[in-house]
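Please read the structure below before turning to the comments.
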Amino acid sequence: MTTDKQTHGFQAEVKQLLKLMINSLYSNKEISVRELISNASDACDRLRFLALSDEKLYEGKSDLKIHISFDKENRTLTISDNGIGMTHDEVIQNIGTIAKSGTKEFFESLTGDNKKDANLIGQFGVGFYSSFIIADKVTLKTRKAGEDKAEGIIWESIGEGDYTIAKNDKEDRGTDVTLHLREGEDEFLDAWTLKGIIRKYSDHISLPITMTVEEEDENKQKTTKEETVNKASALWRRPKAGIKNEEYKEFYKTVAHDFGDPLTHIHARMEGTLEYSFLFYIPEKAPFDLWTKEHPTGVKLYVKRTFIMDESDKLLPRYLRFIRGVIDSDDLPLNISREILQENQIISSIRNTAVKKTLDHLEDMAKNKKENYAKFWKEFGAIFKEGVVEDFPNKERIAKLSLFSSTFDDKNTQEVSLDDYIFRLKPNQDKIYYITADTFESGKNSPLLEIFRKKEIEVLLLSDRVDHWMVTHLSEYKGKKLQSVSKGDIELNKDGTNKNEDKKEDSIADKTHEELTKRLSTALKDTVKEVKVSQRLTTSPACIVSDQNDLDPSLKRLFETAGQKMDTDKPILEINPDHMILKKLADEKDEKQFQAWSDVLYDQAILSDGGQLKDPAGFVKKLNELIIALQS
């Protein structure tokens, strides 16, 4: 009995996704069946976990399964499960809306090119909405386990602007999804075709997937029986030697809800004091919401093939959150909770081994499959570098695997390792030099690099947000200290120049320009800590640097962007007295003009460093006045 039918409009993003599904993924229609079976499997897994503490949820029927049926006359295909089911509000939340951070931004990135958008949708995850690729109407009937049959729900939509939802009596718990097939989709009404799809995409699912098949005996009498189509063997527990690469790929698509193939996989079975298996995948493309706080870790925990939980940050550290897959333990209790995970020594041991095996695999890939490693780094490098901060025991290994841009080739792509840098060190060079900047271009063009470029000393160009934190935790690598080119005094005497001669020349320069630095210090006393002659500059008039123990300006800006108010350390202004502007300043007798030139000089240095001016209009006004004064 159906009551209280209501009509709701889809969330704007759902409408857009439905349209793209139909247009962009039509060439791979089989994923509709794969995704619905995967959702059904998840629903059964969740019921099995919840029933560990409340057996009444089984309602006297503990055999979990997925059933596929079709009706040729009415042209419908139905995927049913007896899993957890949904309430009225859960149906609206799970189907009527997309509750993912960054969804709006994701859709704004779509181009309208069906082929390109299909790949992006794969990163988003297709799920239930893929039903509309082959169906012009979808009917969903569901009832939450433990609820009265009168609390059943029926949901219907033709995949356009809205859907209807109403209460509907349902005897059995779980969910039935019925696809009313579009014209021309009769292949999904054929038992042989459906079995092929199930065996191709869902053979590994540990629940039985059944179909009602019709048989004819020797007397041509027709009978029907329920047949289990899949092997129902957990792929991750099978010996690696007996698993085909295609099987690995299809399992990935199910566990990751991804449209494409994985970049690589890591499969291990540990036996001894503890027994456990894990099968990890690194996706080829980063999911759209990878940088959001709500992004799940992606690894599911099983105990003796029984699903326990997912999205636990105790299974893998956060810097490996791009990994998808499963961990299955024979030693954990079935009733383990998220709270117990935090203190559990078995989980700690599994986690340590999983991290080690993952780093081993990445090291092998970096050495022997450089093209694949470059793909990995492009998608996940900025996240992987978080491990230098998070994972102290493996800090050195993570640093070794990390790639950067550098002045060696000035490429925006990160291809330089710390070992590459050390291999190219100048004779007697004892530091690894780097610059942190808001953007790659800002770092590459910084005036702070001028002396390094002149002396052909390589500098790492760090512009990922994580780089600012990474260098605060990586003070040295293989005995070489990491040194920012924007902090403290830079002594390049050991790097191919005469130490005593350089110091002598610096001392003479300081005395020669002492009056100019004093006048500038007075003029800029409210904005700078000190004015000094620069050893860094060769062509620019001035630059901003920090004391060795002060926060880097780019890191300070990052904190401020995140809404954290920072105590303002006054910077140091370094000047190049050989520059025409500084020569003009040294000869300027008019104190008002000197002040104006000093302010413009400082503001230029701030802009060159990637900072923002407090008074841009004032800067432009002063600059214009000085240009006019020079011409008159």
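Because only heavy atoms are used, hydrogens play no part in the values below, and waters and symmetry mates are left out as well, while side chains stay in. If you read the sequence from its start, that first residue is 1, and numbering goes on from there. Since we're looking at a predicted model, the values are computed, not measured.
In terms of heavy atoms, Leu77 sits closest to Ser69 at CD1-O, 3.4 Å. Nearest heavy atom pair, residue Tyr163 against residue Gly9, reads CE2-O, 4.1 Å. The minimum heavy-atom distance linking Cys44 with Asp81 is given by the pair SG-CB, 4.0 Å. The two atoms that bring Phe128 and Ser131 nearest to each other are O-OG, 2.7 Å, heavy atoms only. Nearest heavy atoms, Lys170 versus Thr175: NZ-N, 4.5 Å. The minimum heavy-atom distance between Leu179 and Ala135, with the atom names listed, is CB-CB, 3.8 Å.
Panel note: side chain Asp391, backbone Gly387; no donor-acceptor pair is recorded below 3.5 Å. A donor-acceptor distance shorter than 3.5 angstrom exists from the side chain of Ser32 to the backbone of Ser130, with no hydrogens or angles considered. Listed for the Glu59 side chain is a donor-acceptor partner under 3.5 Å among the backbone atoms of Gly146. The backbone N or O of Thr164 lies less than 3.5 Å from no partner atom in the side chain of Glu156, so there is not a single donor-acceptor pair. A donor-acceptor contact shorter than 3.5 Å is absent between the side chain of Thr228 and the backbone of Thr210. Here the side chain of Glu390 pairs no donor or acceptor atom with the backbone of Pro317 at under 3.5 angstrom. The closest donor-acceptor contact from the side chain of Asp190 to the backbone of Trp192 lies under 3.5 Å. A donor-acceptor pair under 3.5 Å links the side-chain atoms of Arg321 to the main chain of Arg318, judged by distance alone. The main-chain N or O of Ser348 is found under 3.5 Å from a side-chain atom of Asn352 such that the two form a donor-acceptor pair. Remark: the backbone N or O of Val229 is paired with a side-chain donor or acceptor of Arg199 at under 3.5 angstrom.
A salt bridge does not link Asp258 with Lys249: none of the charged nitrogens is closer than 4.0 Å to a carboxylate oxygen. No salt bridge links Arg46 with Asp42; every basic N to acidic carboxylate O contact stays at or beyond 4.0 Å. With salt bridges taken as basic N to acidic carboxylate O contacts below 4.0 Å, none links Asp89 and Lys144. Between Glu275 and Arg269 there is a salt bridge, since a side-chain N of the basic residue sits under 4.0 Å from a carboxylate O of the acidic one. Looking at Lys167 and Glu151, a side-chain N of the basic residue comes within less than 4.0 Å of a carboxylate O on the acidic one, giving a salt bridge. The existence of a salt bridge linking Arg48 and Asp45 is confirmed by a sub-4.0 Å separation between a basic side-chain nitrogen and an acidic carboxylate oxygen. Taking a cutoff of 4.0 Å between a charged side-chain nitrogen and a carboxylate oxygen, Asp261 and Lys253 qualify as a salt bridge. Salt-bridge annotation for Glu363 and Arg397: present, with a side-chain N of the basic residue lying under 4.0 Å from a carboxylate O of the acidic one.
Using a 4.5 Å cut-off on side-chain heavy atoms (C-beta onward), Phe278 and Ile266 make contact. By the 4.5 Å heavy-atom criterion applied to side chains, Ile198 and Met211 are counted as neighbours. Side-chain contact between Ser277 and Tyr302: absent, with no pair of heavy atoms (C-beta onward) separated by less than 4.5 Å. Contact check for Arg75 versus Glu73: no side-chain heavy atoms found under the 4.5 Å cut-off. At a threshold of 4.5 Å between non-hydrogen side-chain atoms, the residues Asn245 and His265 count as touching. Residues Ile282 and Leu362 form a side-chain contact, since some pair of their non-hydrogen atoms from C-beta on lies under 4.5 Å apart. Under the 4.5 Å side-chain criterion, counting only non-hydrogen atoms from C-beta, Phe188 is not in contact with Thr193. In this structure, Leu301 and Val299 have side chains that are not in contact, with every pair of non-hydrogen atoms separated by 4.5 Å or more.
Annotation: Lys357, atom NZ; neighbour count of heavy atoms from other residues, nucleotides and ligands within 6.0 Å does not exceed 12. For Asp63, the CG atom sits in a loose shell: 12 or fewer heavy atoms of surrounding residues, nucleotides or ligands are nearer than 6.0 Å. Heavy-atom contacts from other residues, nucleotides or ligands closer than 6.0 Å to CD of Glu271 number more than 12. Counting non-hydrogen atoms of neighbouring residues, nucleotides and ligands closer than 6.0 angstrom, the NZ atom of Lys141 reaches no more than 12 such neighbours. Atom CD of Glu55 sits in a sparse spot, with 12 or fewer heavy atoms from other residues, nucleotides or ligands closer than 6.0 Å.
Taken to the nearest 0.5 Å, the CG atom of Leu320 stands 10.0 Å off from the CD atom of Glu386. Between Leu235 atom CG and Lys244 atom NZ the span is 12.5 Å, to the nearest 0.5 Å. To the nearest 0.5 angstrom, Thr264 atom OG1 is 10.5 Å from Tyr248 atom OH. To the nearest 0.5 angstrom, Met86 atom CE is 11.0 Å from Ile84 atom CD1. Between atom CG of residue Leu36 and atom CG of residue Leu140 there is a gap of 9.5 Å, rounded to the nearest 0.5 Å. Residue Leu194 holds its CG atom at 9.0 Å from CD of Glu187, rounded to the nearest 0.5 Å.
Side-chain contact, Tyr276 with Ser349: no donor N or O sits under 3.5 Å from an acceptor N or O. Side-chain contact check for Thr178 and Thr78: at least one donor-acceptor pair (N or O, by modelled atom type) lies under 3.5 Å.
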Open item on the list: Set out, in order, the CA-CA distance, both residues' side-chain angles and the distance that settles side-chain contact (heavy atoms from CB on, under 4.5 Å) for Asp136 and Ile158, then state yes or no.
Closed with: CA-CA 5 Å; Asp136 53 19; Ile158 59 172; over 6 Å; no
Open item on the list: Asp330 vs Arg237, test: side-chain contact (heavy atoms from CB on, under 4.5 Å). Steps then yes/no.
Closed with: CA-CA 11 Å; Asp330 288 346; Arg237 295 181 73 103; 3.0 Å; yes
Open item on the list: Please determine whether side-chain contact (heavy atoms from CB on, under 4.5 Å) holds for the pair Val177 and Val138, giving the CA-CA distance in whole Å, both sets of side-chain angles, and the decisive distance to 0.1 Å.
Closed with: CA-CA 7 Å; Val177 180; Val138 177; 3.9 Å; yes
TODO: Evaluate side-chain contact (heavy atoms from CB on, under 4.5 Å) for Thr142 paired with Trp155, printing each intermediate quantity in order.
DONE: CA-CA 9 Å; Thr142 187; Trp155 177 99; over 6 Å; no
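Classification of the Tyr281-Phe251 ring pair by plane angle, with boundaries at 30° and 60°, yields tilted.
Here the options are Phe376, Phe280, Phe384, Trp377, the test is ring pair (Phe, Tyr, Trp, His ring centres under 6.0 Å), and the partner is Phe322; only Phe376 passes. Test Lys65, Lys61, Lys149 against Asp172 for salt bridge (Lys or Arg N to Asp or Glu O under 4.0 Å) and you get one pass: Lys61.
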